Amino acid sequence: MTDYKSTLNLPATQFAMRANLSQREPEILKRWYQENYYQQIRQAREGREQFILHDGPPYANGEIHIGHAVNKILKDIIIKSKTLSGFDAPYVPGWDCHGLPIEHNVEKKVGKVGLKVDQATFRKKCREYAAKQVEQQKEGFIRLGILGDWQHPYLTMDFNTEANIVRGLGKIVENGHLVKGFKPVYWSVVGSSALAEAEVEYRDKTSFSIDVKFALRDEADFEKRVGQFGGHGSISVVIWTTTPWTLPVNQAVSLNPNLEYLLLQSGEERLVVAEALMESVAERCDLQELQRLASFPGKALEHLQLKHPFYEKTVPVILGEHVTTDAGTGCVHTAPDHGADDFAVGAKYGIGTLNYVDENGVYSERVETFAGEHVYKVEPKIIALLESRGALLHQEKFVHSYPHCWRTKSPLIFRATPQWFISMTEKSLLAKVTAAVDDIRWVPTWGEARIRSMLESSPDWCVSRQRTWGVPITLFVHRESQELHPDTPALIEKVAQLIEKKGMEAWFELEPQSVLGSDSEHYQKVTDTLDVWFDSGVTHFSVLQQREELRCPADLYLEGSDQHRGWFQSSLKTAMAMYGNAPYKQVLTHGFAMDAEGKKMSKSLGNTVAPQKVMNELGGDVLRLWVAATDFSGDMNVSEEILKRTADSYRRIRNTVRYLLSNLSGFSPQQHSLPFDELLSIDQWVLDRCARLQSEIIAHYNDYSFHQIYQKIHNYCVVDLGGFYLDIVKDRLYTMSKNSRGRRSAQTAQYAIVEALVRWVAPILSFTADEAWREIPGDRSLPVFASEWFDLPKLSAGAELDDGFWQYVAKVKTAVNRVLERRRGEGDIGNSLTAEVTLICSDEHYSQLQRLGDELRFILITSKAELQRESGNNVGEATDIPGITVQLVKSQQRKCVRCWHFREDVGTHSEHPEICERCVKNVTGDGERREFV
RNA sequence: CACUUUGUAGCUCAGUCGGGUAGAGCAGUCGAUAAAUUAUCGAUUAGUCGCAGGUUCGAUUCCUGCCAAAGUAGCCA
């Protein structure tokens, strides 16, 4: 018996079936960086149209988590796909390095600034800490397969970035958007510092709840306003407060202009409260037998003079829309020093702040009676004083949620302090920003509504912080007038140049006379630092405009949907303030990673998925595939099961690539490729199908629907290739002689398919694509990532056997498979080659199927397949295609040991008694001929 | 509590701009194969389209309410 197996062309490849990604990927990465892939790509795209995706800087603190991974992988997919589309798409990663969380962590190590360490040392430690965090995160990102300029990332703490942040501020000052103002901000009396919003958490607090009477100064004036009324006793406006300590700072009582108010007789006195709240006030204060004496709108009392409950001073009634009927009395005690609404409404009436409470929460000397008292301890005394003055209507304890310092857990106060603001109104910045939203493409579209609603309620942006680790606000203000130095722009540039050399420490060390000369005695250095959101917000200037390979506006900003409030907004506002243009053309947002039930991940629930763990167990490409496969416009669910399914899909795609490669062993595209016209019909079709799919995939890359790409590629591998084309063509590849037209035709097709497929997959399965790339025959001196989409031939419009025909054939195959399966279940046949089928067809089907000549059996993978026209006495088993029935018999022929088909011609050739005629030709002669399949 | 987004088979996604028994792949199940072999091929089970109402001849698709999850803001005198 001859060993015919050696005459077959069985698949062979170096490309391993088992990915073993967790080990292989780090090796692949080594090559990327040894061979400078990023630089190679830049070179390959030099001079091409740019696509600029600007990296939103992650905060330099902590290990990377799944959210980081999602964000960076999406960016990487976009960068790589744009590159495949021919764009020059550089990726400069960045980090946000200043700010509070770093201060906290450093403080834990070295102690408090001013107590254990001086400011300069503290900042140095912060810088070192941030640098370490950057290195750690960088390593994590690189491991994810993100390609970028990791040797030259941007850090907001780079000296030149710091200098340009300062210059950015200078631009904004120059354009008149920066204003100095007072504003009540969250203030920690324990930390004696302002707090950023992010440092505030809400906790329950028990407060005093008191109702306080403000007596009328002039009853006659009141009567003029509200008309005649009766009753007897003193007349007071009643306010309700939960912060008695703010009463010494009271400067007004606010009423809603449009609410109805009542004058009520209550026992021996008369009280003013809002009509809508009368009952709740009566109940709380246990007021009996109230009588309505008069009714009037709030606006009637504007400027009415009231007596302060315990000071000899007069406070006015003022009007504000912030007064509601949710709670209280409808009359609001107003202390502009200690409430945002109070501050705003006070400003309207020219009522400023008093600054009675110092940074430690202690009343200043100017405060009568309570000077030197701490606001947290003074309340019982105030209440006692009110009581003795007869001004207290009611008191009780009250539990409500209240802002606390996240670190010390102590309750915060609002305290008006001088701060720097980027004004939304001074130079109509908000209007300009809102208008700019129109010209930006928001993906998904609801992002636009989101940013709009954020902008609508956008107050002036407080950019100053009383912090240590932040870019300084490099301004000089006049000691008396508080005005900015007239040469501010020039001074800022001078300072920026110093910062460029020595970092922001240059400002803190600066002796004013060195830049101001003799002016210095009149001017004061501002020591506040900038809100970190300013640092990152201004990167369109400090990074995009500075780096040669980038430009502003960027084509795309891409961050999680929380950044509508954050970076998207801060970038837009600063760019508009600086040069009146938006910093980006498109904004893409993604949802957050959630667990299998769509719940937030938290350590306490134990439902977190650590990217590091996924890397080690399943590999980076599986994580990347999960990101690509998930619709990122909503929440993105991850769990063990989901990742396991993803790994299954990964394997299928990998195996398809591997099989295609294995069929190309010994194939040289230059020498062996056939022109498209000479390919067998099914090979032409599969390429055509591939080309059409490729256009769909490119379109999906362009509109960022990666999950569709995943679905389509996977489906293509499973359905078109595995379940149809590759299964059918296997016979031809294996059994026909090496250099036959039939085999070269299949190889030509499959070669083009891998070329295309590996590129499709490269932005997503980057490691695998890179690994496969070097197994494809041909020149691979450039990385896949530097290549462009593979050019695929298409069937001409009037092609004989078009896509419709082949889809029809696939349907027939499925119908016949069902019959085969049924009969196999009955034990009549084994595999499909043990069967011989006759399709009994209507005229229509007959004329369709006879176009394949006697090659139909290779489609059906049966040993014999014949067509017969329908006639009355000639029917087979029904199929689900009307007009086709099947007669199926188990073949009685001998099995060809070479091709496994059962053929009557096995043994006709005396020298090869075990094989069929076709195989004899393929082994000894010039081979069989195929046209279609 | 408000606003926004999401809710289709165990998983990932289609789809329905009102109409005919709701689609695909994976997973599961059964079978084939041992020439993609910890692969591959075939067949096949599976969904009251979040819940409840309404409009309509007819709704998963339109409207309203509710529930769940997420994001953001606020929780103030």
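The chains referred to below are lettered A, B, ... by the order of the sequence lines, with proteins before strands, and numbering in each begins at 1. The shown structure was predicted, so the numbers you read here are calculated from the model rather than taken from an experiment.
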Heavy atoms under 4.0 Å, any strand shown: does [X] hit a base, just sugar-phosphate, or nothing?
| X | result |
| --- | --- |
| A/Trp626 | nothing |
| A/Arg450 | base |
| A/Arg898 | base |
| A/Thr630 | sugar-phosphate |
| A/Trp446 | sugar-phosphate |
| A/Ala629 | sugar-phosphate |

Say you pick atom [atom1] in [N] and the same atom in [M]; how far apart are they, in whole Å?
| N | M | atom1 | value |
| --- | --- | --- | --- |
| B/C49 | B/G23 | C1' | 12 Å |
| B/C62 | B/U6 | P | 12 Å |
| B/U16 | B/U56 | P | 25 Å |
| B/G10 | B/G47 | P | 8 Å |
| B/A22 | B/A9 | P | 14 Å |
| B/U64 | B/C76 | P | 32 Å |
| B/A70 | B/C63 | P | 25 Å |
| B/C41 | B/A35 | P | 16 Å |

Legend entry - Plane angle bin for A/Tyr734 and A/Tyr659 - parallel if under 30°, tilted between 30 and 60°, otherwise perpendicular: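 The arrangement is perpendicular - the two ring planes meet at more than 60°.
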
Inset, instruction - Answer whether the closest heavy-atom distance between the side chains of A/Ile653 and A/His714 falls below 4.5 Å. - result: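 Yes, their side chains come closer than 4.5 Å.
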
Legend entry - Heavy-atom side-chain contact between A/Leu693 and A/Trp760 under 4.5 Å: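 The answer is yes, as the side chains (C-beta and beyond) meet within the 4.5 Å cut-off.
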
Legend entry - Within 45° cone and under 6.0 Å: A/Arg654 NZ/CZ vs A/Phe15 ring: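 Yes, a cation-pi geometry.
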
Once you round it to whole Å, what is the distance between [atom2] of [N] and [atom1] of [X]?
| X | N | atom1 | atom2 | result |
| --- | --- | --- | --- | --- |
| A/His700 | B/C13 | NE2 | C1' | 11 Å |
| A/Asn607 | B/A69 | CG | P | 13 Å |
| A/Lys895 | B/A34 | NZ | P | 6 Å |
| A/Met454 | B/C3 | CE | P | 14 Å |
| A/Asp3 | B/A35 | CG | P | 13 Å |
| A/Glu456 | B/U72 | CD | C1' | 14 Å |
| A/Tyr710 | B/A24 | OH | C1' | 11 Å |
| A/Asn637 | B/A68 | CG | P | 18 Å |

Under 4.0 angstrom between [X] side-chain N/O and [N] OP1 or OP2:
| X | N | value |
| --- | --- | --- |
| A/Ser453 | B/C3 | no |
| A/Lys599 | B/A70 | no |
| A/Gln708 | B/C13 | no |
| A/His707 | B/A14 | yes |

Give a yes or no on whether the backbone of [Y] and the side-chain of [X] come within a donor-acceptor separation of less than 3.5 Å.
| X | Y | value |
| --- | --- | --- |
| A/Lys813 | A/Ile859 | yes |
| A/His700 | A/Tyr710 | no |
| A/Asn9 | A/Met736 | yes |
| A/Asn607 | A/Lys600 | yes |
| A/Arg732 | A/Arg743 | no |

Inset, instruction - Using a 3.5 Å limit on both pairing distances, list the dot-bracket string of RNA chain B from the 5' end; Watson-Crick and G-U wobble pairs count, crossing pairs take [ ], interstrand pairs take |. - result: .((((((..((((.....[...)))).(((((.......))))).....(((((..]....))))))))))).....

Inset, instruction - Identify which nucleotide among B/A77, B/C13, B/G10 has an atom closest to any side-chain atom of A/Gln711, counting heavy atoms from C-beta outward. - result: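 In terms of side-chain proximity for A/Gln711, the closest of B/A77, B/C13, B/G10 is B/C13.
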
Inset, instruction - Would you mind telling me which of B/A14, B/A77, B/C26 lies closest to the side-chain atoms of A/Trp240? - result: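 From the listed options, B/A77 comes nearest.
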
Inset, instruction - By nearest nucleotide on RNA chain B, pick out whichever of A/Asp648 and A/Thr246 is the more 5' one. - result: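 Nearest nucleotide further toward 5': that of A/Asp648.
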
Inset, instruction - Using a 4.0 Å heavy-atom cut-off, write out nucleotides 36-46 of chain B from 5' to 3' as B (base contacted by protein), S (sugar-phosphate only) or - (no contact). - result: BSBSSSBSS--

Legend entry - Pairing of A/Glu821 and A/Arg824 as salt bridge, 4.0 angstrom limit: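 Yes, A/Glu821 and A/Arg824 are salt-bridged.
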
Inset, instruction - Considering only NZ, NE, NH1 and NH2 on the basic side and carboxylate oxygens on the acidic side, decide whether A/Arg452 and A/Glu456 come within less than 4.0 Å. - result: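 No salt bridge links A/Arg452 with A/Glu456.
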
Inset, instruction - Could you grab the distance from atom CG of A/Asn831 to atom CG of A/Leu820, nearest 0.5 Å is fine? - result: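 Here the rounded value is 9.5 Å.
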
